[in-house]
Amino acid sequence: IAGITQAPTSQILAAGRRMTLRCTQDMRHNAMYWYRQDLGLGLRLIHYSNTAGTTGKGEVPDGYSVSRANTDDFPLTLASAVPSQTSVYFCASSERTGGETDTQYFGPGTRLTVL
Amino acid sequence: AQSVAQPEDQVNVAEGNPLTVKCTYSVSGNPYLFWYVQYPNRGLQFLLKYITGDNLVKGSYGFEAEFNKSQTSFHLKKPSALVSDSALYFCAVRARTGTASKLTFGTGTRLQVTL
């Protein structure tokens with residue numbers, strides 16, 4: 001069982017370019033999440049999806065969009081990248097919709113640099 | 001609003017000595033508390049969680065954490081540190097907000113275990 005895979009592992013991107021970070025889970029978890037990790041700030045929630053077909057905004061959603069066409073995939077798109085979006089991005093999933101006691105499981109991350 | 005504080009950016013411990021990584025939280029209602037560990041260039045790995053019941057929670061790799069409601073703390077502990085425990089540790093708290101279950105992370109504490 002792979003768990004959560006993310007692609008690419010790392011990427012250098014010119015400002016203004018469009019970029020999609022991919023996330024796939026094979027655990028059939030209902031809920032999925034995107035976080036960014038920045039030094040001194042910990043992890044901050046960008047967007048989430050409680051179940052396929054639904055998405056919601058986290059605490060730092062501006063400049064990002066997501067979709068959840070099926071249970072397994074949860075891509076994160078930067079429509080027009082800016083240098084402040086340089087970060088490490090983590091995808092996560094948890095078993096139940098709204099299950100506040102559920103553990104979130106994390107992917108290996110994507111390191112994105114926007115120049 | 002919910003929040004987590006990890007007051008120490010770094011904790012240094014000699015191998016074989018006990019270690020403590022501190023975490024305090026603020027949340028309305030019942031807190032659900034989590035500890036994660038992150039090794040270099042890796043995603044977050046779940047260590048343990050407190051949901052209800054016994055205040056002392058045991059987790060992976062010999063770690064444990066004690067929930068203290070009066071002090072709103074959830075400190076991570078290990079009786080005897082190993083060099084391989086050196087990593088970045090994150091405390092997180094969850095509470096329900098609307099239909100989402102938001103997990104709020106602390107800023108992380110780097111644990112350095114030396115021989």
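All values derive from a computational prediction rather than experimental measurement. Basis for what follows: all heavy atoms, side chains included, without hydrogens, waters or symmetry-related copies. Just so we're on the same page: letters track the sequence lines, and every chain starts at 1.
- Hydrophobic clustering, with ILVMFWY side chains joined whenever heavy atoms are under 4.5 angstrom apart, keeps Val21(B) apart from Leu88(B).
- Between chain A and the residues Phe90(B), Phe105(B), Tyr50(B), the most heavy-atom pairs under 4.5 angstrom are made by Phe105(B).
- Only the side chain of Ile51(B) comes within less than 4.5 Å of a heavy atom of chain A; its backbone N, CA, C and O stay farther away.
- Within 6.0 Å of CZ in Arg44(A) there are more than 12 heavy atoms belonging to other residues, nucleotides or ligands.
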Stepwise side-chain contact (heavy atoms from CB on, under 4.5 Å) check, Thr104(B) with Glu59(A): CA-CA 10 Å; Thr104(B) 299; Glu59(A) 60 182 304; 5.6 Å; no
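- Contacts of Arg111(A) with chain B are made by side-chain atoms alone, with heavy-atom separations under 4.5 Å and no backbone atom involved.
- Proximity to chain A is limited to the side chain of Tyr36(B), based on heavy atoms less than 4.5 angstrom apart.
- Both the backbone and the side chain of Leu43(A) come within less than 4.5 Å of a heavy atom of chain B.
- In this structure, Phe46(B) is not a member of the same hydrophobic cluster as Leu111(B), with clusters built from ILVMFWY side-chain heavy atoms closer than 4.5 Å.
- Connection of Phe63(B) to Val4(B) is established within a shared hydrophobic cluster, with ILVMFWY side chains joined at heavy-atom distances below 4.5 Å, either directly or through further cluster members.
- Put simply, Leu44(B) and Val60(A) are part of two different groups of oily side chains (I, L, V, M, F, W, Y) that touch within less than 4.5 Å, one to the next.
- If you chain together hydrophobic residues whose side chains sit under 4.5 Å apart, Val93(B) and Phe74(B) fall into the same group.
- Counting heavy-atom neighbours within 6.0 Å of Leu39(A) CG, excluding the residue itself, gives a total of 12 or less.
- With a 4.5 angstrom heavy-atom cutoff, Gln37(A) touches chain B only via side-chain atoms.
- Residue Gln45(B) does not touch chain A at all, counting heavy-atom pairs closer than 4.5 Å.
- Taken to the nearest 0.5 Å, the CG atom of Leu103(B) stands 8.0 Å off from the OH atom of Tyr33(A).
- Within the 4.5 angstrom heavy-atom criterion, no atom of Leu33(B) approaches chain A.
- Atom CG in Asp102(A) sits 7.5 Å away from atom CZ in Phe34(B) (nearest 0.5 Å).
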